[in-house]
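Read through the structure below, which is laid out as structure tokens, and then see the notes.
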Amino acid sequence: NPLTPMKLHLQHLQMSLHKDDAHLKSQIASISQILIDQIDQLSHMAEEFSSFAKMPAALPELHNINQILQSSIVLFRSQSHLEIDCVISNEVLLVMVDKEQVTRVFTNILKNAQQATEENEICKIQVKIELLESSIDISFTDNGKGIEDELKDKIFQPNFSTKNSGMGLGLAICKKIIEQVHGTITFESELNKGTTFHVILP
């Protein structure tokens, strides 16, 4: 919470003013920069939540989901310590989606899978497309740390994150995007074994 360090630094500055500290000028310069940085962080946070609240409505068009998925995977192919096993046929699988938004979903899931792996381990992700009766199940299985049982209910909540950085809006936005095109996003996870996300599109 940026407000806490902002308050503490201002209180420290008040004490220095009261004591007529000899190093007051340098303290003002230092604390001013800290406050500016924290205000920038708050501004960025506000923009992220605003984007989440005002996310543009989907503009669905018929797209080959195989092509969208392959384009998303290409972005990660050249990265070290990352192996993606992709089980995708050359069949044309048409879905009614907003291409840009669904690409964002796939990219976010792949990035989360990569970040769920320990630094010294190779991240392995298996991507599969399975045809169901009236829908398509795109699954992403990683070999990461998995998700603790007590956190599973919070994964799609805005402002929830297991990472040390970011606003925790990634999966909340993914859920909103997929539900806009009448799809669903679910997951199953086992601690220290990995997680599988399922994006199901009609």
Side-chain angles (χ1 to χ4, degrees), residues 48 51-117 121-147 152-153 155-158 160-163 166-190 193-202:
E48 287 281 297
S51 297
F52 175 70
K54 299 176 184 176
M55 192 173 66
L59 299 173
E61 294 179 334
L62 274 178
H63 290 284
N64 180 2
I65 198 66
N66 275 331
Q67 287 183 343
I68 297 176
L69 188 54
Q70 286 169 347
S71 297
S72 303
I73 290 168
V74 164
L75 298 172
F76 292 82
R77 283 281 191 202
S78 60
Q79 297 186 33
S80 59
H81 301 289
L82 177 63
E83 295 176 6
I84 300 179
D85 177 21
C86 193
V87 184
I88 299 177
S89 69
N90 292 322
E91 189 178 354
V92 175
L93 301 174
L94 295 176
V95 289
M96 192 69 103
V97 295
D98 184 311
K99 182 180 178 181
E100 185 179 322
Q101 290 189 3
V102 169
T103 299
R104 184 176 183 180
V105 171
F106 293 161
T107 303
N108 188 275
I109 293 172
L110 288 166
K111 186 177 178 182
N112 282 350
Q114 188 179 19
Q115 293 175 339
T117 312
E121 291 183 5
I122 293 175
C123 174
K124 296 181 180 180
I125 307 171
Q126 185 178 58
V127 183
K128 288 195 301 184
I129 289 185
E130 184 181 355
L131 290 173
L132 308 177
E133 276 190 25
S134 58
S135 58
I136 295 169
D137 179 1
I138 305 111
S139 63
F140 303 80
T141 302
D142 66 53
N143 63 331
K145 294 173 282 191
I147 301 165
K152 288 179 179 177
D153 290 341
I155 288 297
F156 294 111
Q157 291 180 8
F160 174 78
S161 178
T162 57
K163 299 189 283 282
M167 301 298 113
L169 289 175
L171 287 172
I173 289 175
C174 288
K175 188 172 189 289
K176 199 168 182 179
I177 287 171
I178 296 304
E179 288 179 348
Q180 277 191 133
V181 292
H182 309 292
T184 58
I185 179 169
T186 61
F187 71 93
E188 62 245 8
S189 184
E190 194 172 345
K193 287 197 175 179
T195 301
T196 298
F197 273 90
H198 295 271
V199 175
I200 299 175
L201 297 168

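This structure is a prediction, so every number in the text was calculated from the model and none was measured.
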Heavy-atom pair with the smallest gap, counting every atom of Leu62 and Met96: N-SD, 3.5 Å
Nearest 0.5 Å please: distance from the OG1 atom of Thr186 over to the CG atom of Asp137. 7.0 Å
Rounded to the nearest 0.5 Å, how far does CD of Glu61 lie from NZ of Lys99? 9.5 Å
Can you tell which of Val127, Thr195, Asp85, Thr196 makes a side chain to side chain contact (heavy atoms under 4.5 Å, CB included) with Thr141? Thr196
Pairwise distance CG(Leu110) to CZ(Phe76) - rounded to 0.5 angstrom: 5.0 Å
Are Glu188 and His198 linked by a side-chain donor-acceptor pair shorter than 3.5 Å? yes
Determine whether a donor-acceptor pair (N or O, by modelled atom type, separation under 3.5 Å) exists between the side chain of Asn66 and the backbone of Val92. no
If we only count heavy atoms from C-beta on, is the Val199 to Val102 side-chain gap below 4.5 Å? no
Between Ser189 and Ile147, what is the shortest heavy-atom contact and its length? OG-N, 2.8 Å
Are any non-hydrogen side-chain atoms of Glu83 and Ile122 less than 4.5 angstrom apart? yes
Within the supplied structure, the quantity of interest is the number of heavy atoms (other residues, nucleotides, ligands) at a distance under 6.0 Å from Lys124 NZ; does it exceed 12? no
Look only at the side chain of Ser135 and the backbone of Leu131, and say whether a donor-acceptor pair between them is shorter than 3.5 Å. no
Sort out for me which residue in His182, Lys175, Lys176 forms a side chain to side chain donor-acceptor pair (under 3.5 Å) with Glu179. Lys175
Rounded to the nearest 0.5 Å, what separation is found between the CG atom of Asn108 and the CG atom of Asn112? 4.5 Å
How many angstroms lie between atom CG of Asp98 and atom CD1 of Ile177, to the nearest 0.5 angstrom? 8.0 Å
So, taking the atom named CD1 in Ile138 and the one named CG in Leu201, what distance separates them when rounded to the nearest 0.5 Å? 4.5 Å
Grab the two heavy atoms, one from Ile178 and one from Ile200, that are nearest each other, plus how far apart they are. CG2-O, 4.3 Å
Is the gap between the ring centers of Phe197 and Phe140 under 6.0 Å? no
Closest non-hydrogen atom pair, Ala113 against Cys123: O-SG, 3.6 Å
Report yes or no: does Asn64 contribute a side-chain atom to a donor-acceptor pair with the main-chain N or O of Leu94 at less than 3.5 Å? no
Determine the minimum heavy-atom distance between Phe106 and Ser72, stating which atoms define it. CB-OG, 3.7 Å
Are there more than 12 heavy atoms of other residues, nucleotides or ligands under 6.0 Å from atom NZ of Lys193? no
